[in-house]
Amino acid sequence: MQPFSNHTGLVMPLDRVNVDTDQMIPKQFCKLLTREGYGRLLFFDWRYVDGEKPNPDFVLNWPRYQGASILLTRANFGCGSSREHAPWGVLDYGFRVLIGPSFADIFYNNCFKNGILPVTLPEAQVDDLFRRAEQHLGYRLSADLPNQTIADELGLQITFHIDPFRKQILLKGLDDIGMTLGHEAEITSFEKRHQPSATMYDPVDFSTPGPTK
Amino acid sequence: MRPRTMYEKIWEAHLVHEAPGQPALIYIDRHLIHEGTSPQAFAGLKATGRKVRRPDLTFAVMDHSVPTKNRDLPILDADAAAQFEALARNCRETGVQLFDMHSRNQGIVHIIGPELGITQPGQTIVCGDSHTSTHGAFGTLAFGIGTSEVEHVLATQCLSQFRSKTMHVLVHGKRPRGVTAKDLILAMIGRMGIAGGMGHVIEYGGEAIRALSMEGRMTVCNMSIEAGARAGMVAPDETTFAYMEDRPFVPRGKEFQQAVARWKAIDSDPEAKFDATVELDAAAIAPQVTWGTNPGMVSDVTGKVPDPASFLDPDEQKAAVRALEYMGLKPGTRLVDIPLDRVFIGSCTNSRLEDLRAAARVLAGKKIARSLKEALVVPGSRMVKAAAEKEGLDRIFTDAGFEWRDAGCSMCIGMNPDVLPSGERCASTSNRNFEGRQGKGGRTHLVSPIMAAAAALAGHFVDIREWDVDGAE
């Protein structure tokens, strides 16, 4: 995972509440076997009409927001399906920072697995950022994770809260599987104590024979 | 000892590692995987040279993209075929037990886990699917995870998690006739909103929850995620134990009795504190129909499509305007006047035997409206399908004009050929009415199985309570 420390970029406001992950990457693209290449598919049904013709009414297609890398969102962004294809699409499109009043739990977790910084701010501050992004052409923000601040070029500076552990994961781009494997002794000891097992008492129709020990 | 909630008991019993300021490492008893969200996880393992730690605790099934008819023919959708091949290959190479689409135990992952007794009280269960909350009906801590976390669990059989807050949802009183588990959960979501449960694990209790069958409890827990909650749970009781007995993965005889004694102890202590409590009166709940593009946009069947101006919050107003435009509905239209194009009975929410029986009771001896283009019944599993056929339910459905299909997620998500065409309106027993969920431009109304069956007969929504049928379970 690529680490995240500081990022400055053009801001795109997406003025909709409860944007679900089905909207970010529709189901037909959840059949692909890769983690890459979803940027072109992000917000597919909103973004394109008649196949892949850009929909001029959708904010992502407006000339002023081309090259945006910071996404302003409304409440409960990323609700619904657990599909990680959604943050893969967000990242592959070029968004590194999401700013909104709240994010759905699974989506929020998934962001930290992909080097995306989701910033949660009070509703009033998000409203203010929406106003600024809509009023000022080329509105840019800088996200500074070490200092936990969001700043614009007009003098605005906001501090945000983030869990210290998650902050370190992003700053260092840590592989959390590697970290967990560092607790191998504790996992083995848990397994010795609790003997987790799935014993089959009546046969079922497996298509593969299951583990060979 | 401090009184603890069921969530806290299960959490603490699975702690592998805990340190201040860090997420805890919890052990996962059952990892369920499917073709949709696992290929990238297996690819990640391969790339890092890691192994599946506990293939014996991992169960795989093909459900999301499987066709529901002509399963013996080649799969024409190349992407879906590649998914199936990848899952079969990954399972073969790692020793993970797989139910492929030809297994007689195949079905939707959240249907077959409980049905086979793989799901048991007190366990932790995860799956790369948000409706994993279904398994909470057994008093398990079960929730959906992303693909990176699937890879993490495959490699370590553990998950790194922050502790959730707890919410107690008490549904008091008795359900009126015609009001099902689906109506209880839709009414709850309507009340608290689709982000109302954010950051919480819900424990459901109260007389109306206790009175539900396991099938009904699964319907309720299934849609906890639609309220924004991470998981939903119901404490195990005699209903749970009776359901469990003699299922393939459930211990027998004396061992079963010992397991029941353990399972009884996981109920929340009477003095346990929850971070939030919500109370509902079951007697006041009517059959529910969604009118918008998320499950919180829901109303009593006796209601009307709301006027967006009636919402106080400006964001909600805008969302309602957009939803009505997408749904092709005008404010003030009575819900019972909305005509339908299709009916779908299926999904991990409502495709168990009890759901099919209830719908069949409504349909018995009758014909679906001529105005319908299609009515589908998709059993949740091949075992449900076989049991239903043994009772003759398939004949009732087909005689009424429904198509009787093979098991899978089907038109709940439309990853297989069962897609709702653009502009068409569907009464669906599934869980999400998001834009494009059942098919791009498709218009979904969420209802219970008996409401879907009645709507199929009438060609529009009806208040099932006004019908003289014994469909209310």
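Donor-acceptor pairing under 3.5 Å is recorded for the side chains of B/Glu435 and A/Trp46.
For the side-chain contact (heavy atoms from CB on, under 4.5 Å) test, residues two or more places apart in sequence or in another chain that qualify with A/Arg64 are A/Trp62, A/Leu137. Partners of B/Val419 under the side-chain contact (heavy atoms from CB on, under 4.5 Å) rule, at least two apart in sequence or in another chain, do not exist in this structure. Under the rule for a side-chain contact (heavy atoms from CB on, under 4.5 Å), the partners of B/Pro23 that lie at least two apart in sequence or sit in another chain are A/Phe165, B/Ser160, B/Phe162.
At distances below 3.5 Å, not a single donor-acceptor pair connects side-chain atoms of B/Glu316 with backbone N or O atoms of A/Val17. No side-chain donor-acceptor contact under 3.5 Å links A/Asp205 to the backbone of B/Asn105.
A salt bridge is absent between B/Asp313 and A/Arg74; no separation between the charged side-chain nitrogens and carboxylate oxygens falls under 4.0 Å. Using a 4.0 Å cut-off between a side-chain N of Lys or Arg and a carboxylate O of Asp or Glu, B/Arg53 and A/Glu191 qualify as a salt bridge. Taking the charged nitrogens against the carboxylate oxygens, B/Lys318 and A/Asp15 do have a contact shorter than 4.0 Å, which makes a salt bridge.
With a 4.5 angstrom heavy-atom cutoff, B/Arg432 touches chain A only via side-chain atoms. Interface remark: B/Leu159 contributes no atoms to any contact with chain A (heavy atom separation under 4.5 Å). Contacts between B/Ala13 and chain A at a heavy-atom distance below 4.5 Å involve the backbone alone (N, CA, C, O). For A/Gln23, the part lying near chain B is the side chain, with the backbone staying farther off; criterion is any non-hydrogen pair under 4.5 Å. With a 4.5 angstrom heavy-atom cutoff, B/Ala19 does not touch chain A via any of its atoms.
Side-chain contact check for A/His85 versus B/Gln40: some heavy-atom pair is nearer than 4.5 Å.
You'll find the ring centres of A/Phe206 and B/Phe99 inside the 6.0 Å limit.
In terms of heavy-atom pairs under 4.5 angstrom with chain A, the leader among B/His14, B/Glu35, B/His131 is B/His14.
Using non-hydrogen atoms only and a strict 4.5 Å limit, no part of residues 89-97 of chain A faces chain B.
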